[in-house]
Colleague: 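Provided herewith is a single structure, encoded as structure tokens, for subsequent inquiry.
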Amino acid sequence: MAYVISDDCIACGTCIDECPVGAISEGDKYVINPDLCTECGTCASVCPNEAISLPE
Ligand code: SF4
Ligand code: SF4
């Protein structure tokens, strides 16, 4: 399991520098590499648009 970024991403860039393992990539919508994400939750806590969550 890994956190995922939804279509609510506004590409603000806040999350990318907060990920301790470099799992987040830039783009029109940012993307989390599920092979690298350790589920720490830091990115979800800093996203201003609540675009990052664990899939159900
Ligand atoms: S949950 Fe943690 S490890 Fe996973 S992408 Fe977010 S900041 Fe990175
Ligand atoms: S912090 Fe949220 S809105 Fe900003 S780039 Fe990351 S996922 Fe997108």
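Order of appearance sets the numbers: ligands from 1, and atoms from 1 within every ligand. This chain uses plain numbering: 1 for the first residue, then up along the sequence.
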Colleague: So which protein heavy atom does atom 8 (Fe) of ligand 2 come closest to, and at what separation?
Modeller: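 The closest heavy atom on the protein side is Cys9 SG, 2.4 Å.
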Colleague: Closest non-hydrogen protein atom to atom 3 (S) of ligand 2, residue and atom name please, with distance?
Modeller: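 Of every protein heavy atom, Ile10 N, 3.3 Å lies nearest to atom 3 (S) of ligand 2.
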Colleague: Need the ligand 2 atom indices (1-based, order shown) with element for anything under 4.0 Å from a heavy-atom of Ala11.
Modeller: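 Matching atoms, with element in brackets: 5 (S), 8 (Fe).
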Colleague: Would you find a donor on one side and an acceptor on the other, under 3.5 Å apart, between the side chain of Asn49 and the backbone of Asp8?
Modeller: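 Side chain of Asn49 to backbone of Asp8, a donor-acceptor pair under 3.5 Å: yes, one is there.
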Colleague: Of the non-hydrogen atoms in Ala2 and Pro34, which two are nearest, and what is the gap between them?
Modeller: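 Closest heavy-atom pair between Ala2 and Pro34: CB-CA, 3.6 Å.
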Colleague: Is it the side chain, the backbone, both or neither of Ile5 that has a heavy atom closer than 4.0 Å to ligand 2?
Modeller: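 Near ligand 2, Ile5 shows its side chain, while the N, CA, C and O stay back.
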Colleague: Starting from atom 4 (Fe) of ligand 2, locate the nearest protein heavy atom and write down its residue, its atom name and how far away it is, to 0.1 Å.
Modeller: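 Answer, as residue, atom name and distance: Cys12 SG, 2.2 Å.
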Colleague: Do Ser6 and Ser53 come close enough that some side-chain heavy atom pair is under 4.5 Å?
Modeller: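 Not touching, per the 4.5 Å side-chain cut-off.
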Colleague: Who passes side chain to side chain contact (heavy atoms under 4.5 Å, CB included) against Val21, sequence neighbours left out?
Modeller: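 In terms of side chain to side chain contact (heavy atoms under 4.5 Å, CB included), with neighbours along the sequence ignored, Val21 is linked to Cys19, Ala23, Thr38.
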Colleague: Give the residue, atom name and distance (to 0.1 Å) of the protein heavy atom nearest atom 6 (Fe) of ligand 2.
Modeller: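 It is Cys15 SG, 2.3 Å.
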Colleague: Of the side chain and backbone of Ile52, name the one, both, or neither that has a heavy atom under 4.0 Å from an atom of ligand 2.
Modeller: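 Side chain only.
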Colleague: So, for Glu18 and Val46, which heavy atoms are closest and what is the spacing to 0.1 Å?
Modeller: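 Looks like CG-CG2, 3.9 Å.
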Colleague: Is it true that some N/O/S atom of Cys47, main chain or side chain, lies under 2.8 Å from atom 2 (Fe) of ligand 2?
Modeller: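 True for Cys47.
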Colleague: Which ligand 2 atoms does Pro48 reach within 4.0 Å, using its non-hydrogen atoms?
Modeller: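 So the answer, numbered in order with elements, is 1 (S).
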Colleague: Hydrophobic cluster mates of Ile16, side-chain heavy atoms under 4.5 angstrom, ILVMFWY only, any path?
Modeller: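 Besides Ile16, the cluster holds Met1, Tyr3, Ile5, Ile24, Tyr30, Ile32, Ile52, Leu54.
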Colleague: So what's near atom 4 (Fe) of ligand 1, protein N, O or S atoms under 2.8 Å?
Modeller: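 Less than 2.8 Å away from atom 4 (Fe) of ligand 1 sit Cys37 SG.
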Colleague: Can you list, by chain and residue number, the hydrophobic cluster partners of Val4 when the side-chain cut-off is 4.5 Å?
Modeller: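 Val4 shares its hydrophobic cluster with no other residue.
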Colleague: Using 0.5 Å steps for rounding, measure from the CD atom of Glu26 to the SG atom of Cys15.
Modeller: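 Answer rounded to 0.5 Å: 9.5 Å.
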Colleague: Which of the atoms in ligand 2, numbered in the order shown and given with their element, are less than 4.0 Å from a heavy-atom of Tyr30?
Modeller: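 Counting atoms of ligand 2 from 1, those under 4.0 Å from Tyr30 are 5 (S).
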